[in-house]
There are 4 protein chains.
Amino acid sequence: MKKREVHASVKDEKLVSMRRNQMIKGAVNLFKEKGFHRTTTREIAKAAGFSIGTLYEYIRTKEDVLYLVCDFIYDEVKDRLQNDLEQNSGTPEALKTTIAYFFQVMDDMQDEVLVMYQEVKSLTKDALPYVLKKEMEMVHMFELVITRCVENGKLNISEKHIRLLAHNIFVQGQMWGFRRWALRKIYTLEEYIELQSDLLLGSLYGKGNLNATSLP
Amino acid sequence: MKKREVHASVKDEKLVSMRRNQMIKGAVNLFKEKGFHRTTTREIAKAAGFSIGTLYEYIRTKEDVLYLVCDFIYDEVKDRLQNDLEQNSGTPEALKTTIAYFFQVMDDMQDEVLVMYQEVKSLTKDALPYVLKKEMEMVHMFELVITRCVENGKLNISEKHIRLLAHNIFVQGQMWGFRRWALRKIYTLEEYIELQSDLLLGSLYGKGNLNATSLP
Amino acid sequence: MKKREVHASVKDEKLVSMRRNQMIKGAVNLFKEKGFHRTTTREIAKAAGFSIGTLYEYIRTKEDVLYLVCDFIYDEVKDRLQNDLEQNSGTPEALKTTIAYFFQVMDDMQDEVLVMYQEVKSLTKDALPYVLKKEMEMVHMFELVITRCVENGKLNISEKHIRLLAHNIFVQGQMWGFRRWALRKIYTLEEYIELQSDLLLGSLYGKGNLNATSLP
Amino acid sequence: MKKREVHASVKDEKLVSMRRNQMIKGAVNLFKEKGFHRTTTREIAKAAGFSIGTLYEYIRTKEDVLYLVCDFIYDEVKDRLQNDLEQNSGTPEALKTTIAYFFQVMDDMQDEVLVMYQEVKSLTKDALPYVLKKEMEMVHMFELVITRCVENGKLNISEKHIRLLAHNIFVQGQMWGFRRWALRKIYTLEEYIELQSDLLLGSLYGKGNLNATSLP
DNA sequence: AATGAATGAGTTTTCATTCAT
DNA sequence: GATGAATGAAAACTCATTCAT
């Protein structure tokens, strides 16, 4: 699936790319504060540092901004994740590291994740599949890491369990962002990583020895 | 925390309650399809079966409708959950039953859950706490069930693990609603319940024997 | 010119009269505070002590209330004035007394006068003449008193001066009501009466001796 | 007291000024015919010659239009008055000229005066003081002219009389506008000026010789 | 390529008036 | 005669989008 094209009147690709970055940066902040619907195109233009007329030289509709933002965020997350996975060795320890890394990324990109998570549903039927596709690719990455563990004989678990586990990891990562109002009161990021790893991996390795002592 | 009052011009309480139910029912459908922001008050009135003027006899602002909808859904879910938990025996089997029951409720109320999940963030700072409070109460119910297992000596697990586990259960319930686009393609509800139980409980009881054979 | 009829569904004249008095009393207060346009019929009904449905048993349109209020106020002022004038002796002293009395009435009925003064223009073309007619009748009363002075030989002044003088007296009476924001800061009612009398009568009797010493 | 700022989205000051003049011109006509409350913003926009959207580029609320109108009218009257007063010599003849001039202005600006006079009370608590301030300044101008006469020894009259006289002059000017329905039937502007001058100045100079023969 | 003034369809909300009970 | 729920036309205001400069 190719990237969905967003039409620009301006031809200079470099310029288009630059302007869109300004746009995305400004929009993320606004969406974070007021949501997509309560943000006006004028505000986006202003936050991006140019006029409303100029904004419309680089997009066709307000929705395009949302798509661009979502697309950008997913790319960012995916890129970071990919870097990590390329050197993954397929051991349970590596899986744990991957989880920790992913949660860390979600923490770093808190605002972006929150925006994306809350506003994807505002995308048109038209744009949504492109974004969901990307999400599936990321879930798939986790599946691969887990599968590698299985292939290494370190883990005995069904295909369906693998896929669900991958979804769980992904959602728990997002969860750290979208449930901060609750989780932050109880856990630090480090604790959250540790505890979720316990629960995720405990189920796989049958330790059954979860207890408070495993925490600092 | 008392319920947040939504002002009605009409005095007859019975009538208010009836009209609001019509309203909620209509609104849920619309919100599900187009989201809160893209739904107009006129559409809500029409879907509820009365005129725009009448709508405003029962609410003050469009936001009130959203609050009423969210409040109703949480109450519904909570009520159903409460019924189940009252007769919960505090054994691991009972915990599994509770999870299954909760996931079933989330499946029954799919549309409502989706709406709530996507639109809570559109509530004003004013109304949000009332809804989040309710969410926390539900999470707390799960904590209680798990704690009862621990107290029964059937389970050895830290306080912090308990709370996180409760959150996970809650989110995994919602997940069945808001990620249907992905999960439905792979699992039936029964499978989803079974697999998630495996993962959740496996971590607690150290079976470590997860495999495809445990599935039909 | 007969009184303009305001239609009532209710037949019992006594009741109609009673209900309308309640209505007028309530409405004057509301109009005073928020003006005719910003006052709703519901508020009028409530202030009158009955329901919106009942209100409409005694009037046909919101405008009727305004007309009723204006009509009532003019009648009140006119009645009071008439009482005084019947015993007027036609001397310059009597004229001064009349002025003092009129200003006193305008002070007593401050709120009503303000309302009337500000809202007459909101009457329909249809109702306005009835009210203006009444105003002219009051101006005419002043003309009569002045004319009597002339006929008594106490005063030598043209017909046109008389009529203008009458208008001036009337407007200066109203002025005490509608310019309170300015006049109250400088004068007490007594001072205002005294000073205006000086200016009005000075012109007629050629005293030319206005000075601060004539004031306490 | 600085001018109360009315916010405009458009930056070009020249344009703002031009558009607002169109707006004021259109609004005065509408307000004159139907009053502020019965005039819609769409009508104002149309009368001004642009769209409703454009109207709101130059104001924030409908009330702003009223303020702009009132402010404009007061400025206009005040400016004209100021021009006359600068060359005022402080003699009774000059005072008479000033009065004649002021009444003439009020006649020229009949419509505007009527609007202002009837609608000031519709201004918010917020804007009212700015307008009343201007009114007081105008009254003060008259005080100055009268005071100059006193200082020249041409007139012996108390401070309080001066202030009241100034108010009377101002109100009688307005009166020519807001009581035209009655006064126009009896007097031409010239007569009105002549007669009011007789009454105003007669009181000051003790001629006491008012009679019909002084009129043409 | 950039600007920002102009547009008007569309939105929420109000409120005078009616009419069944 | 009294009530108050229902109605819907109309109002103020917003904002995505266009286009002349």
Side-chain angles (χ1 to χ4, degrees), chain A residues 8-12 15-16 19 37-46 49-65, chain B residues 8-12 15-16 18-19 37-45 49-65, chain C residues 8-12 15-16 19 37-46 49-65, chain D residues 8-12 15-16 19 37-46 49-65:
Chain A
S9 305
V10 173
K11 296 299 159 201
D12 181 340
L15 193 52
V16 170
R19 291 276 183 258
H37 282 104
R38 295 198 220 273
T39 301
T40 69
T41 49
R42 279 164 129 106
E43 288 171 320
I44 295 170
K46 195 175 177 189
F50 38 71
S51 72
I52 182 66
T54 301
L55 181 72
Y56 274 86
E57 295 287 314
Y58 296 92
I59 53 159
R60 265 235 233 281
T61 70
K62 189 187 172 189
E63 262 248 335
D64 284 344
V65 181
Chain B
S9 302
V10 173
K11 297 292 165 193
D12 183 339
L15 193 54
V16 170
M18 191 182 105
R19 291 276 181 264
H37 282 106
R38 292 200 220 272
T39 302
T40 69
T41 50
R42 294 193 116 84
E43 288 170 322
I44 296 171
F50 35 70
S51 72
I52 182 67
T54 300
L55 180 72
Y56 275 89
E57 292 285 309
Y58 296 92
I59 52 157
R60 267 234 231 281
T61 69
K62 188 186 173 189
E63 253 249 334
D64 283 344
V65 181
Chain C
S9 304
V10 173
K11 295 300 159 200
D12 181 341
L15 192 54
V16 170
R19 290 275 183 260
H37 282 105
R38 296 199 219 272
T39 301
T40 69
T41 50
R42 279 164 129 107
E43 288 171 320
I44 296 171
K46 195 174 178 189
F50 38 72
S51 73
I52 182 68
T54 301
L55 182 73
Y56 273 86
E57 295 287 314
Y58 297 93
I59 52 158
R60 266 234 230 283
T61 69
K62 188 187 172 190
E63 262 248 336
D64 284 344
V65 181
Chain D
S9 302
V10 173
K11 298 291 166 197
D12 183 338
L15 193 54
V16 170
R19 291 277 181 262
H37 282 107
R38 293 199 219 273
T39 301
T40 69
T41 50
R42 292 191 118 86
E43 287 171 322
I44 295 170
K46 195 173 178 189
F50 37 71
S51 72
I52 182 67
T54 300
L55 180 72
Y56 276 88
E57 291 285 308
Y58 296 93
I59 52 160
R60 268 235 229 281
T61 68
K62 188 185 172 191
E63 252 250 337
D64 284 344
V65 181

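Letters go in sequence order (proteins before strands), and every chain restarts at 1.
If you check F/dT7, F/dC13, E/dA1 against the side chain of A/Asp12, the one that comes closest is E/dA1. Residue C/Ser51 places its side chain closer to F/dG4 than to any other of F/dG4, F/dC15, F/dC13. Picking from E/dA5, E/dT13, F/dT3 the nucleotide with the shortest atom distance to the side chain of A/Ile52 gives E/dA5. Nearest nucleotide to the D/Leu15 side chain, out of E/dA5, F/dT3, F/dA6: E/dA5.
Rounded to whole Å, atom C1' of F/dC15 lies 14 Å from atom CZ of B/Arg38. Taking atom CD of B/Glu43 as the reference point, atom P of E/dG10 lies 12 Å away to the nearest angstrom. To the nearest angstrom, P of F/dC15 lies 14 Å from NZ of A/Lys46. When the C1' atom of E/dT7 is taken as reference, atom CG of D/Leu55 falls 13 Å away, rounded to whole Å. With rounding to whole Å, B/Tyr58 atom OH is found 20 Å from E/dT12 atom P. The distance between atom CD1 of D/Ile59 and atom C1' of F/dC13, rounded to the nearest whole Å, is 9 Å.
Nearest heavy-atom pair, C/Thr61 versus C/Ile59, reported as atom, atom and distance to 0.1 Å: O-CD1, 3.5 Å. Residues A/Lys62 and A/Thr39 come closest through the heavy atom pair NZ-O, 2.8 Å. The shortest non-hydrogen separation linking C/Glu43 to C/Arg38 is OE1-O, 3.8 Å. Contact detail for B/Thr41 and B/Leu55: the closest heavy-atom pair is O-CD2, 3.6 Å.
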(Q) With side-chain contact (heavy atoms from CB on, under 4.5 Å) as the criterion, how do C/Asp64 and C/Tyr58 come out once you've worked through the C-alpha distance, each side chain's angles and the decisive distance to 0.1 Å? (A) CA-CA 9 Å; C/Asp64 284 344; C/Tyr58 297 93; over 6 Å; no
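For A/Arg60, no side-chain nitrogen or oxygen approaches OP1 or OP2 of F/dA16 to under 4.0 Å. For F/dC13, the OP1/OP2 oxygens have a side-chain nitrogen or oxygen of D/Tyr56 closer than 4.0 Å. Applying the 4.0 Å criterion to OP1 and OP2 of E/dA5, one finds that D/Thr54 has every side-chain N and O outside that range.
Backbone-only engagement by B/Arg19 is indicated by non-hydrogen atom pairs under 4.0 Å involving sugar-phosphate atoms exclusively. Using a 4.0 Å heavy-atom distance criterion, C/Lys11 is classed as a sugar-phosphate-only contact. Residue contacts for A/Thr41: at a heavy-atom cut-off of 4.0 Å it reaches a base atom on one of the strands shown.
Where D/Thr61 and C/Phe50 meet DNA chain F, the nucleotide closest to each residue was compared, and C/Phe50 sits on the side nearer the 5' end. A residue-by-residue look at D/Gly53 and C/Glu63 shows that D/Gly53 has its nearest nucleotide of DNA chain E further toward the 5' end. For the pair D/Glu57 and B/Lys62, nearest-nucleotide mapping onto DNA chain E gives the more 5' position to D/Glu57.
In this structure, E/dT14 and F/dA9 make a Watson-Crick or G-U wobble pair, each of the two defining distances being under 3.5 angstrom. Here F/dT14 sits opposite E/dA9 as a Watson-Crick or G-U wobble pair (both hydrogen-bonding atom distances under 3.5 Å). E/dA20: Watson-Crick or G-U partner is F/dT3, with both key distances under 3.5 Å.
For E/dT13, its base sits under 3.5 Å from the side chain of B/Arg42 at one donor and acceptor pair at least.
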